[in-house]
Amino acid sequence: MKKHLIAAVFATLIASPAFAATETYNIDPSHTFPRFSYDHMGMSKQILRFNKTSGTVQLDKEAKTAAVDITVDMKSIDTGFELFDEHIQGEDFLDTGKFPTATFKSTNVVFEGDKPVSIDGDLTIKGITKPVTLTITSFVNMPHPMLNKDAIGANATAVIKRTEFNAGKFAPGVGDEVTLDIALEAVKQ
């Protein structure tokens, strides 16, 4: 009887599904671009982006948990006009001389079914940290079509106030509300 019990326990352990593990995905810097837009004196909506982003996404598909840790090189601002790039990097706005990077570190990721739908986290710009919720507008986890590795693709958005990050020069004439729009791709390590 004892042999049968041990055999049954052993068979159950072997037949049990493997425990899922958290997988790490590295940000693909050639396909990850945080953009932001704002109202420019009621005349137009200006759209700018950052060209250098790094970080990781941690994903446990079975447990439906995730974590995001992103660093943006603020000196990589791209307005499409070099003089304006320098202006935006000045003390009145991004102050990249003192604060060359911005970070976003998730505190909670909300899933609906198998997909994340929002990410709560701490956004740090110019040394000021504020809670921000990113709404995920698209998410896919699949083999990368060219790399043949597991990959993540996502888009997310949020609205922040630049005055809350000590970057409010010319507000409200130049809009205080800034819409963040992040396109992200990451490949499993």
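The model shown is predicted, which means the values in this text are computed figures rather than measured ones.
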Mind listing the side-chain donor-acceptor pairs of residues 171-189 below 3.5 Å, one per line with the distance, residues two or more places apart or on another chain?
residue, atom, partner, partner atom, Å
Asp176, OD1, Arg162, N, 3.2
Asp176, OD1, Thr163, N, 2.9
Asp176, OD1, Thr163, OG1, 3.0
Asp176, OD2, Thr163, OG1, 2.8
Asp181, OD2, Arg35, NH2, 2.8
Lys188, NZ, Glu23, OE2, 2.9
Gln189, NE2, Asn26, OD1, 3.0

Among residues two or more places apart or on two chains, list those pairs meeting salt bridge (Lys or Arg N to Asp or Glu O under 4.0 Å) that have a residue in residues 42-59.
none
Would you name the heavy atoms of Asp122 and Pro131 that are closest together and state the gap between them?
OD1-CA, 4.1 Å
Measure the shortest side-chain to side-chain distance between Ser44 and Gln46 over non-hydrogen atoms and say whether it is less than 4.5 angstrom.
yes
Between Leu48 and Ser37, is any pair of side-chain heavy atoms under 4.5 Å apart?
no
Would you give the length of the straight line joining atom CD of Glu86 to atom CD1 of Ile77, rounded to the nearest 0.5 angstrom?
12.5 Å
Give a yes or no on whether Phe84 atom CZ has more than 12 heavy-atom contacts from other residues, nucleotides or ligands under 6.0 Å away.
yes
Give a yes or no answer on whether the side chain of Asp69 reaches the backbone of Lys105 with a donor-acceptor pair at less than 3.5 Å.
no
Side chains of Val57 and Ile27 in contact at under 4.5 Å (non-hydrogen atoms):
yes
Measuring only between side-chain heavy atoms, which start at C-beta, is Leu134 closer than 4.5 Å to Phe104?
yes
Say whether, by atom type as modelled, one donor and one acceptor occur between the side chain of Ser76 and the main chain of Asn51 under 3.5 angstrom.
yes
Would you check, one step at a time, whether the test side-chain contact (heavy atoms from CB on, under 4.5 Å) holds for Ile160 with Lys130?
CA-CA 9 Å; Ile160 64 171; Lys130 298 283 183 184; over 6 Å; no
Is there a side-chain contact between Tyr25 and Thr56, using heavy atoms and a 4.5 Å cut-off?
no
List the steps, then state whether side-chain contact (heavy atoms from CB on, under 4.5 Å) holds for Ile152 with Leu59.
CA-CA 10 Å; Ile152 292 172; Leu59 177 64; 4.0 Å; yes
Which residues share a ring pair (Phe, Tyr, Trp, His ring centres under 6.0 Å) with Phe33, sequence neighbours left out:
none
Those residues that, when tested against Lys161, pass salt bridge (Lys or Arg N to Asp or Glu O under 4.0 Å) (two or more places apart)
none
Determine whether Phe36 and Ile47 fall in the same hydrophobic cluster, where Ile, Leu, Val, Met, Phe, Trp and Tyr are linked whenever their side-chain heavy atoms lie under 4.5 Å apart.
no
Provide the full list of ring pair (Phe, Tyr, Trp, His ring centres under 6.0 Å) pairs with a residue in residues 128-170, sequence neighbours left out, each pair given once.
none
Other cluster members, Val159 - Ile/Leu/Val/Met/Phe/Trp/Tyr, side-chain contacts below 4.5 Å:
none
Decide side-chain contact (heavy atoms from CB on, under 4.5 Å) for Met74 and Phe50; before the verdict, give the C-alpha distance in whole Å, the side-chain angles of both, and the deciding distance to 0.1 Å.
CA-CA 7 Å; Met74 300 301 269; Phe50 296 96; 3.7 Å; yes
Of all residues at least two apart in sequence or in a different chain, which pass the ring pair (Phe, Tyr, Trp, His ring centres under 6.0 Å) check with Tyr38?
none
Side chains of Thr137 and Thr157: does their closest heavy-atom pair fall under 4.5 Å?
yes
Are the side chains of Thr103 and Ile70 in touch, meaning some heavy atoms are under 4.5 Å apart?
no
Could you walk me through whether Val72 and Thr101 pass side-chain contact (heavy atoms from CB on, under 4.5 Å), step by step?
CA-CA 5 Å; Val72 178; Thr101 62; over 6 Å; no
Do the side chains of Thr133 and Ile119 get nearer than 4.5 Å, heavy atoms only?
no
Distance-only criterion, 3.5 Å: show the donor-acceptor pairs between side-chain atoms of residues 106-113 and protein atoms not counting sequence neighbours.
residue, atom, partner, partner atom, Å
Ser106, OG, Val68, N, 2.8
Ser106, OG, Val68, O, 3.4
Thr107, OG1, Asp120, O, 3.2

Listing, residues 89-98 side-chain donor-acceptor contacts under 3.5 Å, not counting sequence neighbours, or none:
residue, atom, partner, partner atom, Å
Gln89, OE1, Thr96, OG1, 3.0
Asp92, OD2, Lys169, NZ, 3.3

Stepwise side chain to side chain donor-acceptor pair (under 3.5 Å) test for Thr24 and Gln58
CA-CA 5 Å; Thr24 300; Gln58 305 283 326; 2.9 Å; yes
For Lys75, check salt bridge (Lys or Arg N to Asp or Glu O under 4.0 Å) against everything at least two apart and list the hits.
none
If you compare all heavy atoms of Ile136 against all heavy atoms of Ser118, which two are closest, and at what distance to 0.1 Å?
CD1-N, 4.0 Å
Not counting sequence neighbours, list each pair that qualifies as a salt bridge (Lys or Arg N to Asp or Glu O under 4.0 Å) and has a residue in residues 143-154.
Lys61-Asp150
Looking at residues at least two apart in the chain, or sitting in another chain, which of them share a salt bridge (Lys or Arg N to Asp or Glu O under 4.0 Å) with Asp28?
none
